[in-house]
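First the structure, in the form of structure tokens, and then the observations on it.
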Amino acid sequence: MRRQKLADLRAAGFDPFRANVAPTHFSQDAKALHVDEQDNTVTVTVAGRLVTFRVQGGSSFVKIQDQQGQIQLYFRKDVLGEERYGVFKKSLDLGDIIGVTGTLFKTKTGEITVRIESFTLVSKALRPLPEKWHGLSDAEQVYRQRYLDLIVNQESRHRLMTRARIVSAVRRFLEDRQFLEVETPVLQSVAGGAAARPFQTHHNALNTDFVLRISLELYLKRMLVAGYDRVFEIGRNFRNEGVSRRHNPEFTMLEVYQAYSDYRGMMTLVRDLLTHLVRDVVKPLDADGQPSTKIKHAQSGQEIEFGGEWREVKYKDLIIEKTGDSEWFSRSKDEKVAGVQKLGLYADPKWEEFELTNEIFGKLIEPNLIQPTFVTHLPKELCPLAKITQDDATTIDVFELIIGGMEVAPAYSEQNDPDVQRSMFEAQAGEEQQKIDHDFLLALEHGMPPAGGMGIGIDRLCILLTGAESIRDVILFPQLRNALN
RNA sequence: GGGUCGAUAGCUCAAUGGUAGAGCAGCAUCCUUUUAAGUUGUUGGUUCCGGGUUCGAAUCCCGGUCGACCCA
């Protein structure tokens with residue numbers, strides 16, 4: 001039927017797919033031009049997709065939607081003429097993309113509307129839009145055909161628009177502080193900087209195997225060696241692991257490195273960044289409609305308070321608090337196995353001691369840290385890339401920022417002693433083992449300034465700041481299995 | 001990888017083992033300030049796929065595909 005309309009238009013000498021318009025304004029900018037008591041004095045050209053269609057005899061109201069939102073259009077037979085009005089009624093369908101020119105006025109219900117003087121069909125929708133009231137709710141179709149979700153579900157439009165604004169604001173925030181954005185390789189010989197299974201690939205011309213990066217860290221540190229004292233990268237990492245509400249095989253990471261700083265400097269930086277994003281980008285309102293710094297956490301239902309001081313606590317203190325055992329860290333491995341089991345968790349005697357302890361942290365502590373919390377002084381086995389704490393050789397100078405029960409940002413005082421770095425790589429154990437990048441060690445031997453470094457999972461940050469349920473809701477096209485037909 | 005649940009018209013959803021339906025969209029009709037517009041009429045189905053049980057399967061059983069949630 002829609003194809004018939006298209007054929008009819010073409011037969012009449014008009015091909016919508018060869019037409020175009022020159023919009024003068026986006027929808028909301030256009031509406032802002034209307035002056036009260038002065039109807040039909042301002043002319044605008046706007047364009048967008050037809051999303052509601054209310055034809056009533058000789059006059060009709062329709063709405064189009066563009067990047068900024070929707071704007072109502074008013075078509076009259078006596079303005080357009082019999083023939084054009086007929087074309088409007090007969091040839092257009094919901095979902096079509098049109099450009100229109102007309103004057104702004106306010107309807108008797110108070111909605112600023114464009115009184116149409118001319119219109120052009122610039123793209124014909126050959127398939128119908130999903131239902132207008134319920135939108136698109138089939139999760140699979142929402143993800144596979146995200147464009148439909150974004151057309152009809154305002155909530156998705158807003159959430160994913162907010163993500164774009166968050167990423168943009170992060171860039172500006174860092175650039176204002178003289179950080180340089182750099183781009184480092186996705187194809188790497190060694191998947192360093194984290195412990196994760198990488199995707200493997202092969203370069204034909206070089207006849208070389210590569211992996212897709214699992215972290216940005218080691219190349220950004222080479223840039224510190226290079227004398228770029230403040231660098232950051234916002235880039236995609238890839239991990240060949242499970243898919244869940246918090247994991248997508250490709251995800252976006254921000255990593256920031258600042259020479260002559262340390263993990264405490266990163267603490268200030270990340271808190272300033274997040275409060276800026278909440279106050280100036282997300283701009284939540286409280287129950288009375290006043291600006292707030294609280295965002296509702298979808299999983300727990302609690303309000304997360306981003307303003308004020310954030311809790312800071314040592315990893316060991318959290319473990320001692322949870323186990324009720326002040327001597328936990330001097331217990332034998334067998335005692336730790338028993339202790340973990342006593343807390344109702346599975347404990348495998350084959351695990352390393354730090355893994356037993358970390359099971360308690362991961363299962364019982366982290367998920368309950370809803371308010372922003374800096375967990376500091378993690379066991380050194382959890383990361384080989386940080387500096388050892390001066391007065392406690394079992395911990396490292398790092399924090400993990402936990403919000404909403406999720407690790408949002410780890411930060412370190414970066415290890416810059418090449419010999420210590422090498423021995424820490426070699427001493428790695430358990431699940432946390434990272435591959436050794438010898439070229440990176442070579443770079444360190446040339447001298448890297450002392451530095452603070454930090455990573456922020458942008459997807460997880462967006463989950464928190466938009467109150468989303470799942471990582472899939474903040475990624476435009478989340479990974480799904482192939483749908484063969 | 002394991003468990004639970006789900007897949008029916010373009011979309012949102014119904015349907016005791018007994019003729020597969022509604023709303024919206026579509027099509028036709030009336031309507032010159034509507035707000036999920038309204039009016040009258042109407043088209044539309046490989047019930048995810050493949051087997052099985054049965055006189056008879058959207059419905060019960062087995063296998064598969066895809067998805068959601070939980071667990072690892």
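Order of the sequence lines fixes the chain letters, A, B, ..., with proteins taken first and strands second; residue numbering starts at 1 for each chain.
Shown here are the side-chain hydrogen bond (donor to acceptor under 3.5 Å, both in side chains) partners of A:Thr24, two or more places apart in sequence or in another chain: there are none. Residues forming a ring pair (Phe, Tyr, Trp, His ring centres under 6.0 Å) with A:Trp310 (at least two apart in sequence, or on another chain): A:Phe374. Residues satisfying the ring pair (Phe, Tyr, Trp, His ring centres under 6.0 Å) test with A:Phe61, not counting sequence neighbours, are A:Tyr74. With sequence neighbours excluded, the residues forming a side-chain hydrogen bond (donor to acceptor under 3.5 Å, both in side chains) with A:Glu250 are A:Arg236, listed by chain and number. Applying the side-chain hydrogen bond (donor to acceptor under 3.5 Å, both in side chains) rule to A:His25 yields no partners; only residues at least two apart in sequence or on another chain are considered. Annotation: ring pair (Phe, Tyr, Trp, His ring centres under 6.0 Å) contacts of A:Tyr263 (sequence neighbours excluded): none. Annotation: ring pair (Phe, Tyr, Trp, His ring centres under 6.0 Å) contacts of A:Phe238 (sequence neighbours excluded): none.
Taking atom C1' in both B:G45 and B:U8, one finds a spacing of 8 Å when rounded to whole Å. Nucleotides B:A25 and B:U40, compared at atom P, are 14 Å apart to the nearest Å. Comparing the P positions of B:G18 and B:G64 gives an interatomic distance of 28 Å, to the nearest angstrom. Of the P atoms belonging to B:G51 and B:C71, the separation is 38 Å, rounded to the nearest Å. Taking atom C1' on both nucleotides, B:A15 is separated from B:A9 by 14 Å, rounded to a whole Å. Taking atom P on both nucleotides, B:U65 is separated from B:C49 by 15 Å, rounded to a whole Å. Taking the P atoms as reference points, B:G63 lies 14 Å from B:C5, given to the whole Å. Going from the P atom of B:A72 to that of B:U19 covers 47 Å, rounded to whole Å.
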key: Bracket string, RNA chain B, 5' to 3' - pairs by Watson-Crick or G-U geometry under 3.5 Å, | interstrand   = (((((((..((((....[..)))).(((.(.......).))).....(((((..]....)))))))))))).
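A:Asn482 has its CG atom 8 Å from the P atom of B:C66, to the nearest Å. Between the CZ atom of A:Arg246 and the P atom of B:A72 there is a distance of 13 Å, rounded to whole Å.
Checked against B:A25, B:U34, B:C31, the side chain of A:Arg54 finds its nearest nucleotide in B:U34. Among B:C11, B:U32, B:C66, the nucleotide with an atom closest to any side-chain atom of A:Leu136 is B:C11. Among the nucleotides B:A36, B:U33, B:U34, the one closest to the side chain of A:Lys132 is B:A36. When each of B:U33, B:C11, B:A25 is scored by its nearest atom to the side-chain atoms of A:Lys108, the top-ranked nucleotide is B:U33. Distance from the side chain of A:Arg76 is smallest to B:U32 among B:G67, B:U12, B:U32. For A:Trp133, taking side-chain heavy atoms from C-beta onward, the closest of the listed nucleotides B:A68, B:A36, B:C11 is B:A36. Counting only heavy atoms from C-beta on, A:Tyr74 has its side chain closest to B:U33 among B:U33, B:C11, B:G67.
Of all heavy-atom pairs between A:Gln188 and A:Gly192, the closest is OE1-N, 4.2 Å. A pairwise comparison of heavy atoms in A:Val313 and A:Leu318 identifies CG1-CD1, 3.7 Å as the closest pair. Closest heavy-atom contact between A:Leu345 and A:Ile360: CD1-CA, 4.0 Å.
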Give me the distances for all protein-to-nucleotides 2-9 of chain B N/O pairs that come in under 3.5 Å?
none

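Side-chain rings of A:Phe361 and A:Tyr315 approach one another, their centers coming within less than 6.0 Å.
For the side-chain contact (heavy atoms from CB on, under 4.5 Å) with A:Arg163, the lone residue among A:Thr466, A:Ile458, A:Leu476, A:Asp473 that qualifies is A:Ile458. Between A:Lys106 and the options A:Val35, A:Asp36, A:Thr113, a side-chain contact (heavy atoms from CB on, under 4.5 Å) holds for only A:Asp36.
Seen from the ring of A:Phe329, A:Lys316 counts as a face-on cation partner, given the 6.0 Å and 45° thresholds. Judged by the 6.0 Å distance and 45° axis criteria, A:Arg84 is positioned over the aromatic ring of A:Phe119.
Among the protein residues, A:Lys5 comes within range of the sugar-phosphate backbone only, with heavy atoms under 4.0 Å from sugar or phosphate atoms but none that close to a base. At a threshold of 4.0 angstrom between heavy atoms, the contacts of A:Thr107 include nucleobase atoms, whether or not backbone atoms are also involved. Across all strands, A:Gly135 comes closer than 4.0 Å only to sugar-phosphate atoms, never to a base (heavy-atom distances). Using a 4.0 Å heavy-atom criterion, one finds that A:Phe105 contacts the bases of the nucleic acid, with or without backbone contacts as well. Residue A:Val55 is in base contact, counting any heavy-atom pair closer than 4.0 Å across all strands shown. Base contact: A:Glu111 has a heavy atom under 4.0 Å from a base atom. A:Leu480 comes within contact range of the sugar-phosphate backbone alone, with a heavy-atom separation under 4.0 Å but no base atom that close.
In terms of position on RNA chain B, the residue among A:Asp138 and A:Arg144 whose nearest nucleotide sits closer to the 5' end is A:Asp138. Residue whose closest nucleotide on RNA chain B sits further toward the 5' end, between A:Asp78 and A:His134: A:His134.
A:Gln68 places a side-chain N or O within donor-acceptor distance of the main-chain N or O of A:Asp29, the cut-off being under 3.5 Å. Between the side chain of A:Thr373 and the backbone N or O of A:Leu369, no donor-acceptor pair lies under 3.5 Å.
Contact annotation: A:Arg245 reaches the phosphate of B:C70 (side-chain N/O to OP1 or OP2, under 4.0 Å). For the pair A:Gln72 and B:U34, the criterion of a side-chain N or O lying under 4.0 Å from OP1 or OP2 is not met.
Sorted by residue number, the members of residues 471-479 of chain A with any non-hydrogen atom under 4.0 Å from RNA chain B read A:Arg472. Against RNA chain B, the stretch residues 58-68 of chain A makes heavy-atom approaches under 4.0 Å through A:Gly58, A:Ser59, A:Phe61, A:Lys63. Of all the residues in residues 79-98 of chain A, A:Lys90, A:Asp93, A:Leu94 reach under 4.0 Å from RNA chain B with at least one non-hydrogen atom.
Salt-bridge formation is detected for the pair A:Arg146/A:Asp149: a Lys NZ or Arg NE/NH1/NH2 atom is positioned less than 4.0 Å from an Asp or Glu carboxylate oxygen.
Counting atom types as modelled, A:Gln56 pairs no side-chain N or O with a base atom of B:U33 as donor and acceptor under 3.5 Å.
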